[in-house]
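The structure appears right after this line, and notes come after that.
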Amino acid sequence: MTKFEALGLAQPLLDAISDLGFETPSEVQEKSIPVLLEKDTDLVALAQTGTGKTAAFGFPMIQKINADSRTTQGLILSPTRELCLQITNELKLYSKYVKGLNVVAIYGGASITEQAKQIKRGAQIVVATPGRMKDMIGRNMVDISKIDYCVLDEADEMLNMGFYEDIKDILSNTPEEKLTWLFSATMPKEVASIAKKFMHQPVEITVGTKNAGAATVQHEFYMVGGRDRYAALKRLADANPGIFSVVFCRTKRDTQRVAEKLIEDGYNAGALHGDLSQNQRDLVMNAFRKKQVQMLVATDVAARGIDVDDITHVINYQLPDEIETYTHRSGRTGRAGKSGISMVIITRSELRKIKSIESKIKQEFIQKQLPSGIEICEIQLYHLANKIKETKVNKDIDAYLPAIYDVLEGIDREELIKKMVSVEFSQFFNYYSKTKDLNSSESGKERGGRDDAGYGDIPNEGSVRYFINIGERDGYDWMSLKDFLRDTLNLEKEDIFNVDTKDSFSFFNTEANITEFILQTFTDFKVDGRFVNVEVSKSPGGSKGGKKRSGRKGGGGRRKDGGNKSFKSGKKGGFNKKGGKKRSGFY
Ligand code: ADP
Ligand code: MG
């Protein structure tokens, strides 16, 4: 006798199981199947994703259902269209030797009349998403008044996504005496209360450790001026170097623009929206699954298909119009028992919306401050140090080492570390050391006024901001630095402006037309035997990034893949065929 036989499964199922190649039942199957086959009982089963829950309820349901009758006897509710299709496919495989058994999937985003037709032909088992189910009940397209079994699959996820009311409505159309089997990865109190409200003395099964996960998703909002949305998004990304996120925008156009800007700014980003071809969307999704894309910018419609488990952050670049949509968005993270964060960038006038979302999802938002430029620099610095520490040495560099030792000869360890970190870090520092506080105060007047799509930090074409590696420590204040620059460059006083000295470095501006000259002059430029280095700063008050310089020391202008170096794509921009590097007049 095989282990599956021992659970009480009949021959047609055993044959299918052997076709599938399942050898031993998983723990949740071993615990659930005999109970469900032998007893007419409600059940609550807690088990992580990937533990075989579909078969744990699928086998008993298939075995208990009367395939000779065309009446709908089993209903399975599942949170997403993907899961719905997945379960349906699995059940079809399990029941391939059960004659006359029809399993039909109903879910949003596909023809409702087609689905109604399939139901009409006779579906003993219906697998449905709550939204579409409710819709079809309302239109009398499906009859669940005689079901014997109801499965709530991924119950925590369904509640996370705001389906509580829908589930309640759907269950009110089912017979009182049906059996309810609830499967969930976690047991937050919302799930416990469903169990309590809709089930009768359920048998409880737990596989692994029980995860209380009261709130697997934390909701946060950041209040900024309307024009600062994009700058805020960048900060959120930079302050979370390991981020793996979906960024939601309201329109296809904003989705494309934000993705393009991110790519241009060196992030591993990709766009997902309906104006892309299926092929382009597949490319982006594959890259996202492989984490080559770590910020997927998407519209709500396009994001419906996202079934990726370990998304760390959902970022609402703009709030959706419907609260319902928000719950769908935030449900993309905090899956499979992991915790996740849903961040919302809002303007002051949208504060009301946060309140109404709170009351709908029955969870509070935490108002957070965007990290300051300096905080981000610190975060990135530690991230970089850690990354260097954890980097595996590449054997292929051996051949080049003698030459590299030659170049770096005479630099002591401490100095070398400083330099190495600076190579990567200066660019962050240059960008952030001059940025303003983006947080909008509750009482204060909103900056920028107009709530455009928030590309407020597009650099000013006219002037270029520079970083120079001398500062107060070297005896300069802004006036003497200005004099030094003017004398060195042989310029008028007015040609150098916005001079700002810091401890060990400073900033200044010139008109863009002399950038080349400035950089030329400071190539291999020494004062008292020390290199004085000037680079184009990426700060918002600066230029469009300046000209590319070649063969210079000190590595200016490099921010190849942004701060989020942990997912090297090597395909920067490659997933974004529509616009890619060639910007199409958006700005
Ligand atoms: P869950 O719903 O718990 O996330 P699934 O039911 O989707 O997990 O099962 C995950 C995968 O494991 C599926 O591909 C399924 O076919 C496979 N699977 C299920 N049970 C077994 C088993 N006993 N032996 C081998 N594979 C199994
Ligand atoms: Mg499942």
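Scope of the values below: all heavy atoms of this structure, side chains included, with no hydrogens, waters or symmetry mates. As the structure is a prediction and not an experimental result, all values here were calculated from the model. One-based numbering, in listed order, for ligands and for the atoms of each.
- Heavy atoms of Phe4 come nearer than 4.0 angstrom to ligand 1 in at least one pair.
- Pairs of residues two or more places apart, or lying in two chains, that qualify as ring pair (Phe, Tyr, Trp, His ring centres under 6.0 Å) and include a residue from residues 57-85 are Phe57-Phe183, Phe59-Tyr94.
- Atom 9 (O) of ligand 1 has its closest protein heavy atom at Gly52 CA, 3.6 Å.
- A heavy-atom separation below 4.0 Å is not found between Ala47 and ligand 1.
- Under the 3.5 Å distance criterion, with hydrogens and angles disregarded, no donor-acceptor pair is assigned to the side chains of Lys197 and Ser193.
- Using a 4.0 Å cut-off to heavy atoms of Thr24, the atoms of ligand 1 that qualify are 22 (C), 23 (N), 24 (N).
- Looking from atom 14 (O) of ligand 1 to the surrounding protein, the closest heavy atom is Glu90 OE2, 3.9 Å.
- Atoms of ligand 1 lying under 4.0 Å from any heavy atom of Ser26, numbered from 1 in the order shown and given with element: 23 (N).
- Residue Lys53 has at least one nitrogen or oxygen atom sitting less than 3.5 Å from a nitrogen or oxygen atom of ligand 1, judged on distance alone.
- Under the 6.0 Å distance and 45° angle rule, Lys291 counts as a cation-pi partner of Phe244.
- Under the 4.0 angstrom criterion, atom 3 (O) of ligand 1 counts as having a protein heavy-atom contact.
- The nearest protein atom to atom 10 (C) of ligand 1, hydrogens excluded, is given as Gly50 CA, 4.1 Å; this is a heavy-atom distance.
- Between Gln29 and ligand 1, an N or O atom pair is found at a separation short of 3.5 Å.
- For ligand 1, the atoms lying closer than 4.0 Å to a non-hydrogen atom of Thr51 are 1 (P), 3 (O), 8 (O).
- Of all the atoms in ligand 1, the ones that sit under 4.0 Å from a non-hydrogen atom of Thr54 are 2 (O), 5 (P), 6 (O), 7 (O).
- Ring geometry for Phe163 versus His328: interplanar angle over 60°, hence perpendicular rather than tilted (30 to 60°).
- Gln73 places a side-chain N or O within donor-acceptor distance of the main-chain N or O of Asn66, the cut-off being under 3.5 Å.
- Residues Asn102 and Arg121 have side chains that never bring a donor and an acceptor to within less than 3.5 angstrom of each other.
- A donor atom on one side chain and an acceptor atom on the other are found under 3.5 Å apart for Gln256 and Glu260.
- Asn279 and Ser277 share no side-chain donor-acceptor pair at under 3.5 Å.
- Taking the six-membered ring where the residue is Trp, the centroids of Tyr317 and Tyr222 are separated by 6.0 Å or more.
- Taking atom 25 (C) of ligand 1 as the reference point, the nearest protein heavy-atom neighbour is Phe22 CD1, 3.5 Å.
- The presence of a protein heavy atom under 4.0 Å from atom 19 (C) of ligand 1 is confirmed.
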